[in-house]
Participant: 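Dumping the structure here so I can ask a few things about it.
Atom set for the values below is all heavy atoms of this structure, side chains included, hydrogens, waters and symmetry mates excluded. The sequence lines fix the lettering, A, B, ..., with proteins before strands; numbering per chain opens at 1.
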Amino acid sequence: MQHWLFKSEPDVFSFEKLKTLGKKGTQWDGVRNYQARNNMRAMQIGDLGFFYHSNEGLNVVGIVEVCALAHHDSTTEDPRWECVDVRAVRDVPSPPTLDEIKANPKLSKMVLVNNSRLSVQPVTREEWEEVCRMGGVTPAP
DNA sequence: GCCAACGTTGGC
DNA sequence: GCCAACGTTGGC
């Protein structure tokens with residue numbers, strides 16, 4: 001199983017909103033970046049990801065699970081763009097902020113720190129466990 | 001609201 | 001295939 005990080009502006013689509021959609025979740029649409037798309041293509045059912053709030057909050061607020069493999073993004077006609085479906089799994093009790101993540105030497109290689117503009121990112125197992133620990137998520141799912 | 005960083009586009 | 005121009009993202 002691999003781990004990921006999904007970024008969204010809470011004004012546009014928040015973790016609270018995803019929670020209201022329940023087990024079915026929703027497609028992670030609107031991605032128009034090849035790297036982010038390729039990350040989604042690599043995802044498997046059951047992969048877990050962090051839900052990060054950008055622009056406002058700047059913190060990891062929740063954990064999501066991939067519940068559908070990459071498929072065409074219905075918000076565009078362009079066949080190049082695909083997306084997975086995700087659903088909310090659980091809250092992160094004390095959401096780690098970008099500042100805290102940047103300040104943690106164990107997380108200095110995180111894509112979030114080094115390429116903040118990539119909207120769908122891979123997260124290593126070590127990073128996953130560390131951010132879970134910081135957020136009070138136990139045990140790390 | 002600004003601006004730096006990055007990705008994409010399109011002319012050559 | 002290069003690179004300047006442009007648009008977007010996201011932290012500040």
Participant: Taking the nucleotide of DNA chain B with the closest heavy atom to each, which residue, A/Arg32 or A/Asn55, is nearer the 5' end?
Facilitator: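 Result: A/Asn55.
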Participant: If you look only at distance, which donor and acceptor atoms sit under 3.5 Å apart when one is on a side chain in residues 46-53 of chain A and the other is two or more places apart or in another chain?
Facilitator:
{"from": "A/Asp47", "atom 1": "OD1", "to": "A/Gln2", "atom 2": "N", "distance (Å)": "3.2"}
{"from": "A/Asp47", "atom 1": "OD2", "to": "A/Trp4", "atom 2": "NE1", "distance (Å)": "3.0"}
{"from": "A/Asp47", "atom 1": "OD2", "to": "A/Gln44", "atom 2": "N", "distance (Å)": "3.1"}
{"from": "A/His53", "atom 1": "NE2", "to": "A/Phe15", "atom 2": "N", "distance (Å)": "3.1"}

Participant: Just call it for A/Leu118: base, sugar-phosphate, or nothing, with non-hydrogen atoms closer than 4.0 Å on any strand.
Facilitator: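 Nothing, no heavy atom under 4.0 Å.
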Participant: By salt bridge (charged side-chain N to carboxylate O under 4.0 Å, His left out), which residues pair with A/Asp91, not counting sequence neighbours?
Facilitator: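 Here the qualifying residues are A/Lys19.
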Participant: Using a 4.0 Å cut-off to any heavy atom of chain A, which nucleotides of DNA chain B are the first and last in contact, reading 5' to 3'?
Facilitator: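 Under 4.0 Å from chain A, the extent on DNA chain B is B/dA5 to B/dT8.
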Participant: With DNA chain C as reference, determine whether A/Gly30 or A/Asp99 sits nearer its 5' end, using the nearest nucleotide of each.
Facilitator: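 This one resolves to A/Gly30.
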Participant: Between A/Arg125 and A/Glu129, does any NZ, NE, NH1 or NH2 come within less than 4.0 Å of an OD or OE carboxylate oxygen?
Facilitator: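 Result for this pair is yes, salt bridge flagged.
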Participant: Can you spot which of A/Arg37, A/Arg32, A/Arg80 makes a side chain to side chain donor-acceptor pair (under 3.5 Å) with A/Asp73?
Facilitator: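 So the option named by the test is A/Arg32.
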Participant: Are any non-hydrogen side-chain atoms of A/Phe13 and A/Leu18 less than 4.5 angstrom apart?
Facilitator: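 A/Phe13 vs A/Leu18: side chains touch.
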